[in-house]
Amino acid sequence: MNSVLNNLLHSRSGPMTAELVRAPAAHGLGLPQVPTRLAPAGTAKSICGFCSTGCSLNVHLDASGQAINLSPDPDYPVNLGMACPKGWESLAPLAAPDRLTSPLLRNRSTGQLEPVSWDAALDAFVGNFKNIQQAHGPHSLSFLSTGQIVMEEMALLGALAKFGMGMLHVDSNTRQCMATSHIAYKQSFGFDAPPFTYADFEESDALIFIGANPCIAHPIMWQRVMMNRRKPEIVVIDPRRTETAVAASLHVPLRPKSDLTLLYGFAHLLIARGAVKRDFIEAHTSNYEAFAAFVQKFTPDRVAAETGLPVATLHRVVEIIASKERVSFWWTMGVNQGHESTRTAQAIINLALMTGHIGRPGTGANSITGQCNAMGSRLFGNATSLLGGRDFAKPDHRAHVAAILGIDPALIPAEKSWAYDQILDGIDTGAIKGLWVIATNTAHSWINQRRFPELRAKLDFLVVQDLYGTTEIARMADLVLPAAGWGEKDGVFINSERRLGVSRKVSRAPGQALSDFAIFKLVATAWGCGELFTRWESPEAAFRLLRELSHGQPCDFTGIEGYDHIQREGGIQWPCPAAGSSSQTAPANPPGVRHRRLFADGRFFTADQRALFLFDEPRPMPEPPCAEYPFLLNTGRGSSAQWHTGSRTDKSDVLRKLAPSSLYLEINPADAARLGIRENDRVIVGSRRGESSAFAVVTPTVQPGQVFMPMHFDTVNRLTFPAFDPHSRQPSYKACAVRVSRP
Ligand SMILES: Nc1nc2c(c(=O)[nH]1)N[C@H]1C(S)=C(S)[C@@H](COP(=O)(O)OP(=O)(O)OC[C@H]3O[C@@H](n4cnc5c(=O)[nH]c(N)nc54)[C@H](O)[C@@H]3O)O[C@H]1N2
Ligand SMILES: Nc1nc2c(c(=O)[nH]1)N[C@H]1C(S)=C(S)[C@@H](COP(=O)(O)OP(=O)(O)OC[C@H]3O[C@@H](n4cnc5c(=O)[nH]c(N)nc54)[C@H](O)[C@@H]3O)O[C@H]1N2
Ligand code: SF4
Ligand SMILES: [Mo]
């Protein structure tokens, strides 16, 4: 291991040099000041590392190449010179006092996490994990990772764990977030392919947002909507009167989790009015007749009764869909986080297909992604899909990937991985004994979080790799590995509109923190499988491998030369096949064309090139309110200044000032009056699983019988009920029964 570190330390040429020079502390050499590969003085362009919008930031550098401050990039086709508060404050989390500066290992006698060298950390990692595999078999190790590291790191981790370390069951926080879109698109279109480009925000005559609150969660996408000059109708389908709903032309406050019924009701009315595009349906889709017969029973009266909406509202939405030339449908977590979320997403897709609102400017069935690189993890996480959006079960796919990576095909598992919830159940039953958590704070963000201490106790070894040792999950770890964050390493993110963008190293990671890429390389060598990854020399070398892996897939980006090319073009959307590539997609954009959408030719990625209508009977919500727990709890994003579990955004003084400092509960004035609750009173919110204390915010934005809590505080997921969509296994975070009382 020493020789590996030494080799890496003494090769000054690779892009990893900058991080790895810090490792000599592992050899008692202190931390030498050596030249690093930061960008030269001036300005470096880098894609923001928070949300999936993928804004470009101009990071201003001092003479040593260290970031001083930043401003939004005016020339980038995504953000056009804008950024939200998180983007502006991107550098602050890097300078936080609780940054990890060395690995931490739990001392068995004191029970404390104590600083150790990288050598000792790698020894502990390999020793403990190999012991577990010897005792319990290779599949007793698992990882949970993220949509917030660069694509090259995700792919290296997925390849290392599955092909090098023999793991089978691995997953990431994109399960909490995008699994539904992934599976819905895959089943309906034949590939996980969000069809839109952000220009569609500006080019629609009607935008229909379903379970999405872009004013808060995707503020720069919302700015793009505001730039629409076509005087669009904006419909927001959300049980809450959100910031976005207030700004819309029509708010549709449906009963929570009645979306499937509502969307089938729209389809019913569109058919009844003859507002369907027969020629498109016949030329480009399959299973429509069965769908049309199925929605017959979703009469306006039934739909009104089940959604709590007036029949007139149903007609008004249908009138908009039927009369406007360009209608786009946008959905986010109000859809994806549900007990029947895949069919709900597909009900949206069905509406776009039956009306021919797809493949043209200002149209589409468009899933807005969450994290900066959730799209990268969907393609290259190597968890649900094999690298490049392929199928683990298909021998030819395994052989193809093995040939490109230069590894034995037998190393690639044919079996399916368990999903996140199944991995946690596996810990419960003793099937999984070792867990590696990378860039996710699962003990805060996972549903029914009260289960964590018990699961922790069942794990023989827990490794957490993060920027901070203070997250809820890091505090439970046996070993904590210090990672470099956004801005401290290079790599590619893919945004919501399939645009690849480069995130650049503009700052030095503190102490001995290393990029995730470097950590995975060190682990590979320490594990004894380093020879499988010799071609993964640097992030950009890894990018070239991923480019080869994309060849012939719908996401083909073989036409991209490398990082500089991406930056020169202002990001590049996939597909971007090389000239002459045998890709299933249209050729790359001509130079200077900076937007592309999919399906302009009506050809989808299924075997018969037709999109498929998929549908199912709606099912009742798993934990409806009852006499004992009379409120339905909805959870989600609270402010544009807060990011998830707060590990990063809580570190910025500016962002902290822009957000509520403690947990609150939004409750309707009628309910508050009945319970004798006034604004700012402390309340106890209890579910069958746990309790949480919050301040009351009395507001008519939530309907009577419903309450809302922001997900950014650590006790919210004590309350949530672990229900999952059967197809995507995504958790239903936004519907559980609670009671509210005064302490
Ligand atoms: N500031 C900030 N921005 C973020 C994030 C963040 O943490 N902070 N996270 C990013 C990530 S990873 C994600 S996934 C996105 C999430 O972005 P969004 O999905 O837009 O945000 P949420 O608030 O989770 O949920 C959206 C809406 O769904 C509604 N909803 C709840 N139940 C239902 C229902 O049954 N039907 C319908 N139609 N709507 C319902 C909620 O009331 C809520 O307003 O945001 C991204 N952007
Ligand atoms: N109740 C409720 N719960 C929810 C949701 C909800 O709507 N309601 N939404 C769900 C959704 S959509 C999501 S996406 C999840 C998000 O849940 P999490 O992924 O758990 O949330 P984050 O706070 O983003 O955690 C990311 C961690 O990665 C670390 N990190 C950042 N960059 C790097 C890096 O480059 N390398 C390494 N090693 N670490 C890094 C950060 O410090 C942070 O601790 O939450 C889910 N939980
Ligand atoms: S909208 Fe998203 S990508 Fe853009 S600056 Fe804000 S957090 Fe970053
Ligand atoms: Mo998410």
Side-chain angles (χ1 to χ4, degrees), residues 47-57 70 72-73 76 78-79 82-90 146-148 173-179 181 208-224 236-245 252-260 262-263 307 330-341 344 348 367-374 440 445 486 493 495-496 501 621 632-646 648-649 655 658-659 666 701-703 706 708 710-712 730 732-735:
I47 301 301
C48 175
F50 285 104
C51 91
S52 67
T53 306
C55 299
S56 175
L57 305 170
L70 57 79
D73 181 350
Y76 201 66
V78 166
N79 51 315
M82 301 177 280
C84 86
K86 296 181 299 300
W88 279 102
E89 278 297 287
S90 291
T146 190
Q148 294 174 59
N173 66 3
T174 38
R175 183 72 58 184
Q176 294 159 290
C177 183
M178 302 317 301
S181 300
I208 306 199
F209 289 96
I210 306 138
N213 188 12
C215 281
I216 294 296
H218 298 94
I220 301 307
M221 292 193 202
W222 182 250
Q223 290 303 315
R224 297 291 299 264
V236 171
I237 303 177
D238 192 312
R240 255 188 337 138
R241 193 161 172 78
T242 60
E243 296 77 357
T244 313
V252 179
L254 83 175
R255 198 168 279 157
K257 298 293 155 245
S258 65
D259 301 67
L260 196 52
L262 178 67
L263 296 162
T307 59
W330 307 86
W331 82 86
T332 318
M333 290 309 117
V335 169
N336 279 9
Q337 297 171 344
H339 65 286
E340 50 191 6
S341 53
T344 307
I348 300 171
S367 152
I368 300 176
T369 310
Q371 304 165 80
C372 52
N373 202 21
T440 185
S445 59
W486 172 89
F493 293 144
N495 79 354
S496 270
M621 74 168 75
L632 191 76
L633 173 66
N634 177 4
T635 65
R637 277 75 198 153
S639 77
S640 68
Q642 288 164 295
W643 180 255
H644 297 154
T645 76
R648 286 195 279 164
T649 43
L655 296 179
L658 293 174
E666 292 180 356
T701 55
V702 287
Q703 298 181 47
Q706 297 171 28
F708 174 82
M711 64 159 300
H712 313 294
Q730 181 158 343
S732 180
Y733 281 110
K734 294 185 174 356

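Both ligands and their constituent atoms are indexed starting at 1 by order of listing. FYI, the numbering just counts along the sequence from 1.
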K.L.:
Looking at Asn634, which atoms of ligand 1 are within less than 4.0 Å of one of its heavy atoms?
P.N.:
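Per the distance check, 31 (C), 41 (C), 42 (O).
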
K.L.:
Under the side-chain contact (heavy atoms from CB on, under 4.5 Å) test against Met221, which residue among Cys55, Ser52, Cys51, Cys215 passes?
P.N.:
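Output: one option passes, namely Ser52.
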
K.L.:
Is there at least one pair of N or O atoms, one from Cys177 and one from ligand 1, spaced under 3.5 Å apart?
P.N.:
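No, Cys177 has no N/O under 3.5 Å of an N/O on ligand 1.
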
K.L.:
Assess Cys51: does it contribute an N, O or S atom lying under 2.8 Å from atom 4 (Fe) of ligand 3?
P.N.:
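It does not; every qualifying atom lies at 2.8 Å or beyond.
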
K.L.:
Give a yes/no answer: is there an N/O/S atom of His218 under 2.8 Å from atom 6 (Fe) of ligand 3?
P.N.:
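His218 does not place any N, O or S atom closer than 2.8 Å to atom 6 (Fe) of ligand 3.
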
K.L.:
Does Met178 have a heavy atom less than 4.0 Å from any atom of ligand 1?
P.N.:
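Checking ligand 1 against Met178, which is what was asked, there is no heavy-atom contact under 4.0 Å.
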
K.L.:
Between Gln706 and Asn634, is any pair of side-chain heavy atoms under 4.5 Å apart?
P.N.:
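Heavy-atom side-chain distance check fails, nothing below 4.5 Å.
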
K.L.:
With a 4.5 Å limit on heavy-atom distance, are the side chains of Phe708 and Arg240 in contact?
P.N.:
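Yes; the side chains approach each other to less than 4.5 Å.
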
K.L.:
Report, in ascending order of atom number, the atoms of ligand 3 lying under 4.0 Å from any heavy atom of Gly87.
P.N.:
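Heavy-atom distances to Gly87 below 4.0 Å select 5 (S).
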
K.L.:
Does some side-chain heavy atom of Gln148 sit less than 4.5 Å from a side-chain heavy atom of Asn173?
P.N.:
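Touching, per the 4.5 Å side-chain cut-off.
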
K.L.:
For atom 26 (C) of ligand 1, what is the closest protein heavy atom, and at what distance to 0.1 Å?
P.N.:
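In this structure, atom 26 (C) of ligand 1 has Gly211 O, 3.4 Å as its nearest protein heavy atom.
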
K.L.:
Near Ser640, which atoms of ligand 1 are under 4.0 Å from a heavy atom of that residue?
P.N.:
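Answer for ligand 1: 1 (N).
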
K.L.:
Say you draw a straight line from OG1 of Thr332 to CG of Asn213; how long is it, rounded to the nearest 0.5 Å?
P.N.:
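CG of Asn213 is found 9.0 Å from OG1 of Thr332.
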
K.L.:
Measure the distances from the heavy atoms of Lys86 to every atom of ligand 1 and state whether one is below 4.0 angstrom.
P.N.:
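For ligand 1, residue contact (heavy atoms, under 4.0 Å) with Lys86 is present.
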
K.L.:
Report, in ascending order of atom number, the atoms of ligand 3 lying under 4.0 Å from any heavy atom of Gly54.
P.N.:
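Counting atoms of ligand 3 from 1, those under 4.0 Å from Gly54 are 3 (S).
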
K.L.:
I'd like to know if Ser52 contacts ligand 1, where contact means a heavy-atom distance under 4.0 Å to any ligand atom.
P.N.:
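So Ser52 does not count as touching ligand 1.
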
K.L.:
Taking all non-hydrogen atoms of both residues, which atom of Lys257 and which atom of Gly338 are closest, and how far apart?
P.N.:
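Looking at all heavy atoms of both residues, the closest pair is CE-CA, 3.9 Å.
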
K.L.:
Where is the tightest heavy-atom contact between Thr369 and Ala374, given as atom of each residue plus distance?
P.N.:
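That would be CG2-CB, 3.3 Å.
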
K.L.:
Taking only heavy atoms of Phe50 into account, list the atoms of ligand 3 that are under 4.0 Å away from them.
P.N.:
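The atoms of ligand 3 under 4.0 Å from a heavy atom of Phe50 are 7 (S).
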
K.L.:
Please list, in number order, the atoms of ligand 1 under 4.0 Å from a heavy atom of Gln642.
P.N.:
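Listed by number with element: 1 (N), 2 (C), 6 (C), 7 (O), 8 (N).
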
K.L.:
If you measure every N/O of Ser258 against every N/O of ligand 1, is any gap under 3.5 Å?
P.N.:
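No, no N or O pair falls under 3.5 Å.
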
K.L.:
Hey, looking at atom 28 (O) of ligand 1, which of Gly147, Cys372, Pro710, Gly334 has the closest heavy atom?
P.N.:
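Answer by nearest heavy atom: Gly334.
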
K.L.:
Around atom 36 (N) of ligand 1, find the nearest protein heavy atom and jot down its residue, atom name and distance.
P.N.:
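Of the protein heavy atoms, Asp259 OD1, 2.9 Å lies nearest.
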
K.L.:
Using distance alone, determine whether Thr635 and ligand 1 share an N or O pair under 3.5 Å.
P.N.:
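No, no N or O pair falls under 3.5 Å.
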
K.L.:
Looking only at distances, please establish whether an N/O atom of ligand 1 is found under 3.5 Å from an N/O atom of Arg240.
P.N.:
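Looking only at distances, the answer is yes, because the N/O contact criterion of under 3.5 Å is met.
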
K.L.:
Do ligand 1 and Ile237 have nitrogen or oxygen atoms that lie under 3.5 Å from each other?
P.N.:
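There is such a contact, yes.
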
K.L.:
Identify, for atom 20 (O) of ligand 1, the protein heavy atom at the shortest distance, and state residue, atom and that distance.
P.N.:
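Looking only at protein heavy atoms, the one closest to atom 20 (O) of ligand 1 is Asn213 N, 2.8 Å.
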
K.L.:
When you measure from atom 23 (O) of ligand 1 to every protein heavy atom, which one gives the shortest distance, and what is it?
P.N.:
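The closest heavy atom on the protein side is Arg637 N, 2.8 Å.
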
K.L.:
Can you check whether Thr244 reaches Asp238 side chain to side chain, under 4.5 Å on heavy atoms?
P.N.:
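Thr244 vs Asp238: side chains apart.
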
K.L.:
Answer with yes or no whether the side chains of Asn336 and Ser181 bring together a donor and an acceptor at under 3.5 Å.
P.N.:
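A pair is found: one side chain offers a donor N or O, the other an acceptor, under 3.5 Å apart.
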
K.L.:
Please work out which of Gln148, Met711, Met333 has its closest non-hydrogen atom nearest to atom 19 (O) of ligand 1.
P.N.:
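When every heavy atom of Gln148, Met711, Met333 is considered, Met333 comes closest to atom 19 (O) of ligand 1.
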
K.L.:
Quick check on side chain to side chain donor-acceptor pair (under 3.5 Å): which of Arg637, His712, Gln176 does His644 satisfy it with?
P.N.:
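Only match with His644 under side chain to side chain donor-acceptor pair (under 3.5 Å): Arg637.
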
K.L.:
Is there a nitrogen or oxygen of Ser639 sitting under 3.5 Å from a nitrogen or oxygen of ligand 1?
P.N.:
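Between Ser639 and ligand 1, an N or O pair is found under 3.5 Å apart.
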
K.L.:
Mind checking whether Arg255 has an N or O less than 3.5 Å away from an N or O of ligand 1?
P.N.:
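N/O-N/O distance under 3.5 Å: no.
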
K.L.:
As an exercise, identify every atom of ligand 1 less than 4.0 angstrom from a heavy atom of Ile216.
P.N.:
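So the answer, numbered in order with elements, is 1 (N), 3 (N).
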
K.L.:
Give me the residue, atom name and distance of the protein heavy atom closest to atom 6 (Fe) of ligand 3.
P.N.:
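Residue, atom and distance for the closest contact: Cys84 SG, 2.3 Å.
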
K.L.:
Are the side chains of Met621 and His339 in contact, using a 4.5 Å heavy-atom criterion?
P.N.:
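The answer is yes; the side chains approach within 4.5 Å.
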
K.L.:
I need the nearest protein heavy-atom contact for atom 13 (C) of ligand 1: residue, atom name and distance, please.
P.N.:
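That would be Gly370 CA, 3.4 Å.
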
K.L.:
N/O to N/O below 3.5 Å, does that happen between Pro239 and ligand 1?
P.N.:
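No, no N or O pair falls under 3.5 Å.
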
K.L.:
Could you identify the single nearest non-hydrogen protein atom to atom 47 (N) of ligand 1 and state the distance to 0.1 Å?
P.N.:
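Here the nearest protein heavy atom works out to Ala217 O, 2.7 Å.
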
K.L.:
Parallel, tilted or perpendicular: which one describes the rings of Trp643 and Phe50, with boundaries at 30° and 60°?
P.N.:
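Judged by the thresholds at 30° and 60°, the geometry between Trp643 and Phe50 is perpendicular.
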
K.L.:
For a 4.5 angstrom cut-off between non-hydrogen side-chain atoms, does Pro239 reach Leu254?
P.N.:
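Contact flag for Pro239/Leu254 side chains = yes.
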
K.L.:
With heavy-atom distances below 4.0 Å as the criterion, list the atoms of ligand 1 near His218.
P.N.:
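Numbered from 1, ligand 1 contributes 15 (C), 17 (O), 45 (O), 46 (C).
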
K.L.:
For the residue pair Trp222 and Glu243, establish whether any side-chain heavy-atom pair is separated by less than 4.5 Å.
P.N.:
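No, every pair of side-chain atoms sits at 4.5 Å or beyond.
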
K.L.:
What is the minimum heavy-atom distance between Gly49 and Cys372, and which atoms define it?
P.N.:
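Of all heavy-atom pairs spanning Gly49 and Cys372, the closest is O-SG, 3.4 Å.
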
K.L.:
Testing the basics here: between Ile47 and Phe493, what is the closest heavy-atom pair and its distance to 0.1 Å?
P.N.:
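Heavy atoms only, the tightest pair is O-CE1, 3.8 Å.
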
K.L.:
What atoms in ligand 3 come closer than 4.0 Å to a heavy atom of Cys48?
P.N.:
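Near Cys48, meaning under 4.0 Å from one of its heavy atoms, ligand 3 has 3 (S), 5 (S), 7 (S), 8 (Fe).
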
K.L.:
With heavy-atom distances below 4.0 Å as the criterion, list the atoms of ligand 1 near Lys257.
P.N.:
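That gives atoms 32 (N), 33 (C), 34 (C), 35 (O) of ligand 1.
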
K.L.:
Go through ligand 1 atom by atom and flag the ones less than 4.0 Å from a non-hydrogen atom of Pro256.
P.N.:
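Within the 4.0 Å cut-off of Pro256, ligand 1 contributes 35 (O).
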
K.L.:
For Met178 and Ser367, which heavy atoms make the closest approach, and how far apart are they?
P.N.:
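Residues Met178 and Ser367, closest heavy atoms: CE-OG, 3.4 Å.
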
K.L.:
Tell me, which protein residue and heavy-atom name are nearest atom 27 (C) of ligand 1, and how many Å apart are they?
P.N.:
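The answer is Asp238 OD2, 3.3 Å.
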
K.L.:
Indicate yes or no: does an N/O atom of His644 lie under 3.5 Å from an N/O atom of ligand 1?
P.N.:
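Looking only at distances, the answer is yes, because the N/O contact criterion of under 3.5 Å is met.
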
K.L.:
Considering only protein heavy atoms, which is closest to atom 4 (Fe) of ligand 3, and at what distance to one decimal place?
P.N.:
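That would be Cys55 SG, 2.3 Å.
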
K.L.:
Considering heavy atoms of the protein only, find what lies nearest to atom 25 (O) of ligand 1 and give residue, atom and distance to 0.1 Å.
P.N.:
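Its nearest protein heavy-atom neighbour is Lys734 CE, 3.2 Å.
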
K.L.:
Counting non-hydrogen protein atoms only, what is the nearest one to atom 1 (S) of ligand 3? Give residue, atom name and distance.
P.N.:
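Looking at atom 1 (S) of ligand 3, the protein heavy atom closest to it is Ile220 CG1, 3.5 Å.
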
K.L.:
Do you see an N/O/S atom of Cys372, backbone or side chain, under 2.8 Å from atom 8 (Fe) of ligand 3?
P.N.:
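No N, O or S atom of Cys372 is closer than 2.8 Å to atom 8 (Fe) of ligand 3, so no.
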
K.L.:
Below 3.5 angstrom, do we get any N/O pair linking Thr332 and ligand 1?
P.N.:
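No; every N/O pair is 3.5 Å or more apart.
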
K.L.:
Show, in sequence, the C-alpha distance, side-chain angles and deciding distance for Thr307 and Ser258, and conclude whether the side chain to side chain donor-acceptor pair (under 3.5 Å) test is met.
P.N.:
CA-CA 5 Å; Thr307 59; Ser258 65; 5.1 Å; no

K.L.:
What atoms in ligand 1 come closer than 4.0 Å to a heavy atom of Thr242?
P.N.:
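By the 4.0 Å cutoff, the relevant atoms are 44 (O).
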
